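Note that the coordinates shown come from a computational prediction; the quantities given were computed from them, not determined experimentally. Counting starts at 1 for both ligands and their atoms, in listed order.
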Amino acid sequence: MKVTVVGAGAVGASCAEYIAMKDFASEVVLVDIKEGFAEGKAMDLMQTASLNGFDTKITGTTGDYSKTAGSKVAVITSGIPRKPGMTREELIGINAGIVKDVTANLVKHSPDVIIIVVSNPMDTMAYLVHKTSGLPKNKIIGMGGALDSARFKYRLAEALESPISDVDGMVIAAHSDTGMLPLMSKATRNGVPVTEFLSEEQQNYVAEETKVGGATLTKLLGTSAWYAPGAAVSVMVQAILCDHKKMIPCSLMLEGEYGQSDICLGVPAIIGANGVEKIVEISLTDAEKEKFTTAAKAVREVNGDLKF
Ligand code: NAI
């Protein structure tokens, strides 16, 4: 099955690489607006195939969307990333125009496509795709929770001095520095709540470091991260292509779930061949409910800046 990745930059190329390395897709088409860039990235990645042992074909095109026809999944990473000190929300003006244009091109050539939105501010960009693509809501998935949960697990493992595979945890709500909600009450080490091992101070530290995980990296790298974002997207694409029916927190259009409607926010969902198979409603503590509502309010404000 064919996967299109729009934006052959840091995140797009990383995501294409992880998809190819896992060898579950027949073809990955990279699209970029910069002349020759996607073609170059595709060629470079193809020259790793014999070294890394994959058969996925990777091709690139400068904006010829006919090459993306028949894609099962398309990932939108096109747009500008943030620079140190910037919030994701500050990217809206430029990225909204790019995302809207790219979506129309994708749907024209692949009317049954499932779109994974990565460009920031992601919850608002996912909302924009819902409002402009004409696709059913199960086919539009924002990527944020998969990455933020991986960052949460990294920080949990660090605080617990445990291997990462021993810990589990999930981040829901908004993909923003203030709106992320790491669910400490549900996080576990080998099935035991982490609240039994970590002091309140340690829990707060883990939650705060998770929320600013992206900003910390942007400061260190001078631009936003790409390995973990690319890996997070590849897990979502794999869940769809291989019909894993895996629970992954994603930014989805809510229609009453978690007390919210007409907004895309991070919630746990079963991801499989149909895209979103089901939104899972988990119980939240009163404090978590309040934080979810506050995050929704902030995202709604950003959505208000969109022009359709
Ligand atoms: P980048 O600058 O390395 O790559 C973006 C690419 O998009 C560039 O190669 C550019 O030429 C291309 N592009 C721009 N306009 C285009 C168009 N109309 N059609 C096709 N290609 C176009 O940026 P990077 O680091 O890959 O980040 C991409 C986006 O993903 C940013 O908005 C960033 O904030 C976001 N991001 C989101 C994450 C998430 O968790 N949702 C995580 C990391 C990044």
[Y] backbone acceptor or donor facing [X] side chain under 3.5 Å:
| X | Y | answer |
| --- | --- | --- |
| E90 | T87 | yes |
| E35 | T62 | no |
| E257 | E255 | yes |
| T77 | G7 | yes |

**Asked** Name the residues with a heavy atom less than 4.0 Å from ligand 1?
**Response** V6, G7, G9, A10, V11, D32, I33, K34, F37, T77, S78, G79, I80, P81, L91, N95, I98, V102, V118, S119, N120, M122, M143, L147, H175, S224, A225, P229
**Prompt:** Cut-off 3.5 Å, side chains only: do T59 and K67 have a donor facing an acceptor?
**Reply:** no
**Asked** Got a second to check how far D177's CG is from T218's OG1, nearest 0.5 Å?
**Response**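 Between atom CG of D177 and atom OG1 of T218 there are 8.5 Å.
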